[in-house]
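Please read the structure below before turning to the comments.
This structure is a prediction, so every number in the text was calculated from the model and none was measured. In what follows, chains carry the letters A, B, and so on, assigned in the order in which the sequence lines appear, proteins first and then strands, with residues in each chain numbered from 1. Computed from heavy atoms alone, side chains included, the values below leave out hydrogens, waters and symmetry copies.
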Amino acid sequence: MIEQRFDPQQYEQRIYQRWEDGGCFRPSGDTSAQPYAIMIPPPNVTGSLHMGHALNNTLQDILVRHARMQGKNVRWQPGMDHAGIATQMVVERQLSEAGNAGRRDLGREAFVSRVWEWKEKSGGNILNQLKRLGASCDWENERFTLDEGLSKAVGKVFVDLHGEGLIYRDKRLVNWDPHFQTALSNLEVENREVAGHFWHFKYPLENGETYQFPTDFDENGEATAWETRDYISIATTRPETMLGDGAVAVHPDDSRYAPIVGKRVLLPLADRYIPIITDPYPDPEFGSGAVKITGAHDFNDYQVAKRNNLPLYMLMDEAGRMVQSLDQDSRPIMPEKYVGLDRFEARKAVVADIDALGLMIKVEDKIIQQPFGDRSNVVVEPMLTDQWYVDAETLAKPAIDAVREGRTRFTPETWEKTYFNWMENIEPWCISRQLWWGHRIPAWYGPDGHVFVALDETAAQIAAHAHYGAPTEIVQDEDVLDTWFSSALWPFSTQGWPDQTPDLKAFYPGAVLVTAFDIIFFWVARMMMMGLKFMDGQVPFHDVYIHAIVRDETGKKMSKSEGNVIDPVDLIEGIDVETLIAKRTSGLRQPQKAPAIAKDTRKRFPNGFEAYGADALRFTLAAMATKGRDINLSVDRVAGYRNFGTKLWNATRFAQMNDAVFGAEIVPDTLTRPVNRWIVGEVGACGARIDEALGDYRFNDAAEAIYHFVWDVFCDWYLELLKAVLQGDDEAQKAETRKVLGWTLDQIFKMLHPFSPFITETLWEQTASRDGFLMQQSWPVDTPAPWKDPAATSDIDWVVRLVSEIRSVRSDVNVPAGARVPVRLIGASQDTAQRVADNAGLITRLARLDDISLAQVAPNGAVRFVVDEVTVALEVADLIDRDAEINRLDKQLGKLDSEGAGLEKRLGNDAFIAKAPAEVVREQRQRLEEVQAARVKLSQARAQLAEL
RNA sequence: GGUCGAUUAGCUCAGCGGUAGAGCACUGCAUUGACAUUGCAGGGGUCACAAGUUCGAACCUUGUAUCGACCA
């Protein structure tokens, strides 16, 4: 006999270990079976499990366990991403906290080996947390993006793309992170709204020239008032960049400035003259309509400068400090006093100096969009540098086609729009990073700067020799590749590519990619591009399932600074409120928020979290994984699904107490009891619903199907119905029922297993001596047509309806719960009579009757209601509350009247009869007949009651 | 500014052409055995608003309001 309740802490980790030792996570290797592969979104080596990971991996695990049980050859490919910037950041911080030399003092080789040390020691914590969640990854095939094999793939892809001209080196404006001192791709830049200023400056016209500037207009837009100006007004949110201005631009149609286009203004502080030009870029409605053009430090200005052949002056170094540049006449562009200032210091100085010159018009407070590095959190600076780029536009075309042609399908479909929108407007992808942790770019430079791209140094040297006609010293590019470059190859690099391995053949393309929408661009799109390019035009996966983002129960994003993070491990293992508060309030960027966070946490979770276990968390996530954008995780629901596990646990205990036979096979057609035939059909229906829902990635529907079946069908009805049989004295019936009971639980364990693997595996092993693990059993249902006996189903459905009605009426007329009452059925058909005969024992037990029989006339004083064609009379004469009963009947009659009226109105509408489908019309007619018949019966009952 | 999305029971969310569902919360009743992490019964919604299409609209169309995400 199993113990009173399931203790997740006691079983989960042990069971996981046994699965792993038993090799349960390996592909079956059965080459005749359908392969089924999922590539895990490789978490960062620095990562720790948050709720998003928990959701992401729970969904994958459900799919993978289901597929395994269906007999497929399954690989769930695990691994980690080396996470260039994130990891380098962690190790650099550690170095500085320990008071060690910085990375530059350490030198490249020493630093990189420090990172490897860190990785071996502290990296990959998240993978153990995934195991805690029950993730059944094929750990024996774990990969790391900096592995030898994957690095080989990266090198080959780089060399091949370069050979085709799809990777190239170019000097252009990039997003520069002054903290990490590296280039970033557009995707790593986060535009945020921050409170800033809009400074309005005067740029004086050369030689004190003046013009008439309109200041007032009539309703036709004609100027009605003017003022004389000897300057042009410009506005900027980044004043320090004015030192590098190459021109002032106005829109060609902007008549206000027409008189001075082509003239020059004095660039204050810099004491240079720059032209006033026209360009379509300035918006006459915005600001003064005149825009200063700093070609080397602004993406829009860069385009204007290119179009108009303006000079591009570098204003800053890698760390964002001001540097001197020279103009075409080799004169410095700015006064020495600004050189060496940090960019924000320079801003203050420029503003003060402009003000001192009397050229400041005004300063506005303004919410401005500012680009930040997503890792460094510092303001990103557009900088003109040499970087490596991927011609994403060319690679995107086949990737767009593949989705258009349905070779890869997005679920929910709407994300295809997002994908297309980005892919059709894709920019060159900057892939070089000025970091040390990553794949070093396989490019070498000769003394004259000639580039040799090759798989390794030897090959590069051979190329250099050939090029220069003599052995020549070459130096490798200092930069590394964007982390996402290696992630883009994940679906094939993990399976052994460029070698043509059996794994590659079996597991590419993958069945489905499961991820959140925030990395569609970073990762999904790029895997599509690279997969199609290097795997002979084959997509990397057939489906892309985009799941929601997990938020807190009020819909706020979980974030450390808000102190509303719910750690999945805390839900699994439990946490008391003090520890939870301590966790949420430590290491805050704004420590003053701590008291509010503590108060809120205490209010919301006065007892912390219980140890709900991994199964409860998994089931909750599955049940909430609808095809929406957000999941607001509520801890109450986790508790509810923990209760669900307890419910099943106790149902199993009950079965054991009643000598249920586990592990036996049954032959449905040989069963004699309707309840048993019925439950077998219900098992099949439940399995079919799960299959259908999972096939369509409707995890919530799948979870709901098994939940409903276990609780509302199996526990509430089947177990109650069979008590009557088990307590009877027909040994043959009892034997059959014990067998079906055990069998049904076996099927439940299997069907629930993908969602809640631990409790089901525990029950599996504790209920019988089994051959192998539950997770290795085959899925119990053959869809789409599982076995079912329609007659048994409608019999039991009728019993259920009758019992429910009797219970409801008893409660309505206040019959004491313990009272046993007789019931008479009036006007029963042959079928009903037979059902009563077959099931009298069940009905009397469940409805707490002392007798059920057929009758011609209802006895006086009976409470009456209608089930199908029969009038049910509950003889409660002594117990009846007459007024309550009249009340009840009036309420019933009222309902029937309004429903009947609606039906009559609809059926009286000729258009409805003519246009609605015949089946709908028939249904409505039938329903009306039922309503009318019931109405007649209840009216009689009321009349009779009123006479008493 | 562009794109996408949301608005359904007190709360968190399903449903997406045939007269509204779940979990939690709430109310009443039930405690000698599977389970109080329970059972039985129940209350609660003009499906944001407006117009339209349709025999029929929570669901389709258009507009409005509010909220949100992503991209500029």
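- Summarising the local packing, CD of A/Glu720 is surrounded by more than 12 heavy atoms from other residues, nucleotides or ligands at distances under 6.0 Å.
- Contact of A/Glu805 with B/A41 (side chain to base): no donor-acceptor pair of N or O atoms is detected under 3.5 Å.
- Proximity of the aromatic rings of A/Trp711 and A/Tyr707 is defined here by a centroid distance below 6.0 angstrom, and this criterion is met.
- Atom CD in A/Glu919 sits roughly 17 Å away from atom P in B/G17 (whole-Å rounding).
- Using a 4.0 Å heavy-atom distance criterion, A/Thr646 is classed as a base contact.
- Distance A/Glu424 CD to B/G2 C1': 15 Å, rounded to the nearest Å.
- Every residue meeting the salt bridge (Lys or Arg N to Asp or Glu O under 4.0 Å) condition with A/Arg801, not counting sequence neighbours, appears here in chain and number order: A/Asp868.
- Proximity of A/Trp717 to the phosphate of B/G39: no side-chain N or O atom is located under 4.0 Å from OP1 or OP2.
- Considering only heavy atoms from C-beta on, A/Phe6 comes within 4.5 Å of A/Thr762 through its side chain.
- Computed from coordinates, the A/Phe420 CZ to B/C4 C1' distance equals 15 Å when rounded to whole Å.
- Of the side-chain N and O atoms in A/Ser808, none sit less than 4.0 angstrom from OP1 or OP2 of B/C40.
- Checked against a 6.0 Å centroid threshold, the rings of A/Tyr641 and A/Tyr612 do not count as neighbours.
- With respect to A/Glu416 and A/Arg409, no salt bridge is recorded, no charged nitrogen being found less than 4.0 Å from a carboxylate O.
- One can place CG of A/Leu726 at 15 Å from C1' of B/G33, the figure rounded to the nearest angstrom.
- In summary, A/Arg925 and A/Glu904 do not engage in a salt bridge, as defined by a charged side-chain N under 4.0 Å from a carboxylate O.
- Closest approach to the A/Trp711 side chain among B/U38, B/A41, B/C55 is made by B/U38 (side chain taken as heavy atoms from C-beta onward).
- Using a 4.0 Å heavy-atom criterion, one finds that A/Leu633 contacts no nucleic acid atom at all.
- Checked for salt-bridge contact, A/Asp279 and A/Arg307 meet the test: a charged N lies under 4.0 Å from a carboxylate O.
- Around CZ of A/Arg848, the count of heavy atoms belonging to other residues, nucleotides or ligands within 6.0 Å does not exceed 12.
- Put simply, CZ on A/Arg807 is 5 Å from P on B/A41, counting in whole angstrom units.
- When side chains are defined from C-beta on, A/Gln892 does not count as touching A/Phe865, because their heavy atoms never get closer than 4.5 Å.
- In this structure, A/Arg404 pairs ionically with A/Glu424, as a charged nitrogen and a carboxylate oxygen lie closer than 4.0 Å.
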Worksheet item: How would nucleotides 67-72 of chain B be written as a contact map, 5' to 3', with B for base contact, S for sugar-phosphate-only contact and - for no contact, using protein heavy atoms under 4.0 Å?
Response: -BS--B
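- In the set B/A34, B/G18, B/U19, B/U19 carries the atom at the smallest distance from any side-chain atom of A/Glu899.
- The listed nucleotides are B/A14, B/A36, B/C55; the one nearest the side chain of A/Asp701 is B/A14.
- Taking every heavy atom of residues 650-660 of chain A and every atom of RNA chain B, pairs under 4.0 Å involve A/Asn650, A/Ala651, A/Arg653, A/Phe654, A/Met657, by number.
- Proximity note for A/Glu720 (side chain, C-beta onward) versus B/C55, B/U37, B/C35: the nearest is B/C35.
- Between A/Leu719 atom CG and B/U38 atom P there is a gap of 16 Å when expressed in whole angstrom units.
- Contact check, A/Lys417 against B/G5: a side-chain N or O comes under 4.0 Å of OP1 or OP2.
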Protein-nucleotides 21-23 of chain B N/O pairs under 3.5 Å:
none

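- At the heavy-atom level, A/Ile913 lies nowhere under 4.0 Å from the strands shown.
- Rounded to whole Å, atom C1' of B/G28 lies 15 Å from atom CZ of A/Arg810.
- Taking 3.5 Å as the limit, the base of B/U19 and the side chain of A/Arg906 contain no donor-acceptor pair of atoms between them.
- A/Asn632 has no side-chain polar atom (N or O) that falls below the 4.0 Å cut-off from OP1 or OP2 of B/C11.
- No salt bridge links A/Asp615 with A/Arg642; every basic N to acidic carboxylate O contact stays at or beyond 4.0 Å.
- To the nearest 0.5 Å, atoms CZ (A/Arg738) and CG (A/Asn676) are separated by 12.0 Å.
- Within the 6.0 Å centre-distance limit, the rings of A/Tyr697 and A/Tyr545 are counted as a close aromatic pair.
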Practice prompt. Dot-bracket notation for RNA chain B is requested: 5' to 3', Watson-Crick or G-U wobble pairs only, both distances under 3.5 Å, with ( ), [ ], | and . as defined.
Written response: ((((((((.[[[[.)..(..]]]].(((((.......))))).....[[[[[..)....]]]]]))))))).
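- Among the protein residues, A/Lys905 comes within range of no part of the nucleic acid, since none of its heavy atoms lies under 4.0 Å from any strand.
- Between A/Lys647 and B/G39 there is a side-chain polar atom (N or O) within less than 4.0 angstrom of OP1 or OP2.
- Partners of A/Arg922 by salt bridge (Lys or Arg N to Asp or Glu O under 4.0 Å), not counting sequence neighbours: none found.
- Atom CE in A/Met624 sits about 13 Å away from atom P in B/C24, given to the nearest Å.
- Around CD of A/Glu919, the count of heavy atoms belonging to other residues, nucleotides or ligands within 6.0 Å does not exceed 12.
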